S.K.: 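The structure is given below, and queries will be raised subsequently.
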Amino acid sequence: MKVMIIEDDMLVRMGIKSLIPWSEMGLEVVCEARDGVEAVELYERFLPDIALVDILLPRMNGLDFIEKVKPLNPDGEFVILTCNQDFETVRKSLRLGVHDFIVKSTMEIEELQLILKQLTAKMKAKLLEHHFQEEGTPEAGSRFVRKASLLRDWLHGLYNSEETEAFAEKLGEYKYFLQKGEYEAWVVALDPSQDESKLTSQEIVKIGHSIDHMAVELYRSRLIGFVENINDNRWHVLVSSTNSSDIDPKLLIDSVSQYMGHTLSIAVSKRFTDWREWTVYDRFASDLLSLKYFCENDHLFQGELPEATLSDAVFIWKKAIMNKLSSFQYEQVGDLLANLKQVVGPPYPKPNLLHNVLEDILFQLKQICEMSGRRPSETYFQRSELLDCVSLTQAVHLLYNAIHVLQEPAFKEKNGHERKKFVEATEMFIQEHRFDEISLNAIAMNLKVSPVYLSRIYKEEKGISFSTAVLTAKVEQAETMIRSGMTLTEVSDKLGYLNLSSFTRMFKKIKGIAPSHYADAEKN
């Protein structure tokens, strides 16, 4: 994307141009102007995507410049550089659709860089939407539907591995499949969001189209097929892989995360030379993606498939668990559960094999609960709850909760006493660890409860989510540190942020203003 800098102060121009990593952000400074009239001439010639505009320019002020050139490039964006934000400037800027303001006297290069990143993401999202609308034209749409229908039927087994006449006729304009080369089958999955709300099928479809268009931009002709599986939040992909550097799946993972805010996991099959074997290698990639159950923090899966049998160590572990349960040694059961991931692998088995073992343990816990005269909790002892766990960590937490029901009846949610203790312990942990990275999973593990359960009861008791509470605590600490005279960089480092941009984004999310603006207000 093209950037234009309009500023009469040469030192300011040089500072902005030299300190921003333009190429890393996908941006290029194409021209600079020292006054409003020169700016109009250069804008007409280069039509930049983004213009950084000083308000007090010679020969024509910045707002008049924006008003004059705006019709030339309706999709162009403007960021104002100003000495102060008086009401009239703000009012007129809003009318002209200005994206943001930077006060030059307190400008931090990290803040400007953050604004440019946000603006770039916004413009790329708009570009994706534009591509999607173009696909909606009758001619393009017809071709898109034909190809999607063919690929979906092919993947669902309508055509066998032999090239029948019907299949050859169906291929029609997609004969390039027949070219010799190497191929890979990918299965792309949308990771579960931290947000408790579930995406609708319409939202999944829209996300899928955006991922498809982004993949087209990244891989061009290497991308052959893209078939959606809405029920599982997955997409099945066929790519040509004559050069692996052209189709690095990490590019798609990183791009979707940066520009769409979603997290993907991708499983990549072994390479194959006969394109008609896509369905076989697609199943290979699907099986490979099941390793996500054990490696929840990984996002790219390649290599060997999960094992088709359980190891002897797992059966020994299960026998030990059952023996401890039969003698009501719940503490020892908890210790054994904590070691399960190391016992299981790697190499890891197919998740459904381990599900059977965990179901047997859950059934045993339910029986013990019923024998004690207590009615099992709806949540902790349900097989469906265990099957809904998307990771081994979640499944272990579910079993922990079931054990705690047996240990302490007051743990039940209807009593509420233990519930409040967990929330209070969580709140105390947040307050005492403002300078550290705070993990809900770590707190839940320490309290021996499910992170999903802890997140829910915390929000119900406190009225805000756990993540918001953490950010609020850090912002409150940041305010204290700023008032004490510490620089924003020092505050950011003390609070454990990787860079000033991350700290600025967090502070602005809670307070509604950048920390630099807050610091200025405190000085005044």
Side-chain angles (χ1 to χ4, degrees), residues 3 5-22 24-25 27 29 50-57 62-63 66 77-94 96-122 258 434-435 437 467-468 470-524:
V3 178
I5 302 174
I6 307 159
E7 167 62 58
D8 62 325
D9 189 322
M10 182 180 67
L11 293 179
V12 175
R13 286 203 315 274
M14 291 176 61
I16 292 174
K17 190 174 179 181
S18 62
L19 295 176
I20 297 288
W22 300 102
E24 292 179 17
M25 300 170 64
L27 301 172
V29 178
I50 301 171
L52 306 180
V53 186
D54 184 19
I55 287 287
L56 300 177
L57 291 170
L63 292 179
I66 294 173
E77 296 283 356
F78 301 89
V79 176
I80 283 182
L81 308 176
T82 180
C83 293
N84 54 16
Q85 294 184 32
D86 60 87
F87 175 77
E88 183 58 28
T89 297
V90 173
R91 186 185 67 81
K92 189 171 182 181
S93 298
L94 292 174
L96 293 171
V98 168
H99 176 77
D100 212 333
F101 298 86
I102 291 285
V103 179
K104 291 195 291 183
S105 60
T106 60
M107 181 176 69
E108 295 174 356
I109 208 67
E110 291 86 358
E111 183 181 1
L112 177 57
Q113 187 172 337
L114 177 62
I115 289 173
L116 288 170
K117 281 184 178 180
Q118 293 171 341
L119 189 51
T120 303
K122 169 186 170 183
Q258 182 176 358
R434 297 183 182 193
F435 298 99
E437 183 177 350
S467 59
T468 301
V470 172
L471 292 181
T472 301
K474 285 183 175 287
V475 166
E476 289 173 355
Q477 184 63 44
E479 289 176 313
T480 301
M481 297 164 74
I482 291 170
R483 287 195 295 270
S484 71
M486 293 179 67
T487 67
L488 296 183
T489 301
E490 290 173 335
V491 174
S492 175
D493 290 342
K494 288 284 186 182
L495 291 175
Y497 286 92
L498 295 177
N499 52 55
L500 189 56
S501 297
S502 298
F503 168 68
T504 298
R505 185 166 58 251
M506 175 275 298
F507 192 98
K508 196 168 184 179
K509 180 178 180 180
I510 299 299
K511 299 295 292 184
I513 61 172
S516 57
H517 296 163
Y518 176 85
D520 290 340
E522 287 297 317
K523 291 177 183 178
N524 296 332

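Here the structure is a predicted model, which is why all the values come from computation and not from measurement. For the single chain, residues carry numbers from 1 onward in sequence order.
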S.K.: Is the side chain of S492 donor-acceptor paired with the backbone N or O of L488 at a distance under 3.5 Å, no angle test?
M.R.: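 Judged by distance alone, no pair lies under 3.5 Å.
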S.K.: Passes side chain to side chain donor-acceptor pair (under 3.5 Å), E111 versus S516? Steps please.
M.R.: CA-CA 9 Å; E111 183 181 1; S516 57; 3.2 Å; yes
S.K.: Between S484 and M481, is there a donor-acceptor pair closer than 3.5 Å when you use the side chain of the first and the backbone of the second?
M.R.: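 Yes, S484 side chain to M481 backbone: donor-acceptor pair under 3.5 Å.
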S.K.: Show your working on side-chain contact (heavy atoms from CB on, under 4.5 Å) between V53 and V98 and close with a plain yes or no.
M.R.: CA-CA 10 Å; V53 186; V98 168; over 6 Å; no
S.K.: Going by salt bridge (charged side-chain N to carboxylate O under 4.0 Å, His left out), name the residues that satisfy it together with K511, two or more places apart in sequence or in a different chain.
M.R.: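 Residues passing salt bridge (charged side-chain N to carboxylate O under 4.0 Å, His left out) with K511: E479.
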S.K.: Of all heavy-atom pairs between I16 and I109, which one has the smallest distance, and what is that distance?
M.R.: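 Between these two residues, the closest heavy atoms are CA-CD1, 4.5 Å.
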S.K.: Hey, is the main chain of V29 close enough, under 3.5 Å, to the side chain of K17 for a donor-acceptor pair?
M.R.: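 Here the side-chain-to-backbone pair does not exist.
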S.K.: Let's go through Q477 and K494 carefully: what are the C-alpha distance in whole Å and the side-chain angles of both, what is the deciding distance for side-chain contact (heavy atoms from CB on, under 4.5 Å) to 0.1 Å, and is it a yes or a no?
M.R.: CA-CA 10 Å; Q477 184 63 44; K494 288 284 186 182; over 6 Å; no
S.K.: Is there a side-chain contact between L52 and E7 in this structure, where contact means two heavy atoms from C-beta onward sitting under 4.5 Å apart?
M.R.: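 Side-chain contact under 4.5 Å: no.
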S.K.: In sequence, state the C-alpha distance, the side-chain angles, and the governing distance for I66 and I80, and then conclude on side-chain contact (heavy atoms from CB on, under 4.5 Å).
M.R.: CA-CA 10 Å; I66 294 173; I80 283 182; 4.3 Å; yes
S.K.: Measuring only between side-chain heavy atoms, which start at C-beta, is E490 closer than 4.5 Å to D493?
M.R.: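 They are not in side-chain contact.
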S.K.: Nearest 0.5 angstrom please: L119 CG to I50 CD1, how far?
M.R.: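 So the CG of L119 and the CD1 of I50 are separated by 4.0 Å.
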S.K.: Mind listing the closest non-hydrogen atom pair of A51 and I6 along with its distance?
M.R.: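 Heavy atoms only, the tightest pair is CB-CD1, 4.4 Å.
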S.K.: Can you list the steps and then say if L495 with F507 is a side-chain contact (heavy atoms from CB on, under 4.5 Å)?
M.R.: CA-CA 12 Å; L495 291 175; F507 192 98; over 6 Å; no
S.K.: Is there a donor-acceptor contact under 3.5 Å from the side chain of K508 to the main chain of A514?
M.R.: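 No, because the side chain of K508 does not come within donor-acceptor range (under 3.5 Å) of the backbone of A514.
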S.K.: Which pair of non-hydrogen atoms, one from D54 and one from L81, has the smallest distance, and what is that distance?
M.R.: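 Closest heavy-atom pair between D54 and L81: OD1-O, 3.1 Å.
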S.K.: Hey, are E110 and T504 close enough side-chain-wise for a donor-acceptor pair under 3.5 Å?
M.R.: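 No, no side-chain donor-acceptor contact under 3.5 Å.
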